[in-house]
Amino acid sequence: MTTFDKREQGFEAKFIHDEELRFKVMARANKLLGNWAAAQLGLAGEQATAYANDVVTTHLETQTIDDVLQKVAGDLAAKGVSRKQVADRMQEYTQAALAQIEAGK
């Protein structure tokens, strides 16, 4: 195996690791956001769990940050929660999810 092949394998492994980390962070952050949104909507118990799971799993393959933001902001608009407030929470939860995953939690 040449040095070039080894470097290529290293880059591929890093790409796979980074994508897995991104997916885990996004899923965990969406779960945290879903739990927060469920509380804002007055949901509890199984309804809150179902809502949070829906935020995580709806269109999982094609889901983008904007899709999640639009869904949650739309759901919370009637409660007087602005899109910016949801975006701020999303950013906060993304940072928290990354810290949790890096800490092995």
* **Joint cluster assignment, I65 & V68, ILVMFWY side-chain distance < 4.5 Å** => yes
* Asked: If you round to the nearest 0.5 Å, how far is CG of L76 from CG of L33?
  -> 8.0 Å
* Would you mind listing the cluster partners of I16? Hydrophobic ones only (ILVMFWY), side-chain contacts under 4.5 Å, chaining allowed. => none
* Any chance you could measure R28, atom CZ, to F23, atom CZ, to the nearest 0.5 Å? => 12.0 Å
* To do: Give a yes or no on whether a salt bridge exists between D18 and R22, defined as a side-chain N under 4.0 angstrom from a carboxylate O.
  => no
* To do: Please check if the side chain of D88 supplies one atom and the backbone of Q85 the other of a donor-acceptor pair under 3.5 Å.
  => no
* To do: Could you give me the CA-CA distance, side-chain angles and deciding distance for Q40 and W36, then say whether side chain to side chain contact (heavy atoms under 4.5 Å, CB included) is met?
  => CA-CA 6 Å; Q40 300 301 309; W36 171 77; 3.3 Å; yes
* Atom CG of L21 with >12 non-hydrogen neighbours under 6.0 angstrom -> yes
* **Straight-line distance of L32 CG to Q95 CD, nearest 0.5 Å** => 12.5 Å
* Should we count CD of E92 as having more than 12 external heavy atoms under 6.0 Å? -> yes
* To do: Indicate the atoms forming the closest heavy-atom contact of A87 with L69, along with that distance.
  => N-CD1, 3.6 Å
* Structure fact -> dist K24:NZ -> Q100:CD (nearest 0.5 Å) comes out at 13.5 Å
* To do: Consider only side-chain heavy atoms of I, L, V, M, F, W and Y, link residues closer than 4.5 Å, and tell whether M90 and I101 are in one cluster.
  => no
In a table with atom names and distances, give each donor-acceptor pair under 3.5 Å that connects a side chain of residues 42-56 to protein atoms at least two apart or in another chain.
unit_1 : atom_1 : unit_2 : atom_2 : d
T49    : OG1    : G45    : O      : 3.2
Y51    : OH     : D75    : OD2    : 2.6
N53    : OD1    : K31    : NZ     : 2.4
N53    : ND2    : T49    : O      : 3.3
D54    : OD1    : T58    : OG1    : 2.5
D54    : OD2    : K71    : NZ     : 3.4

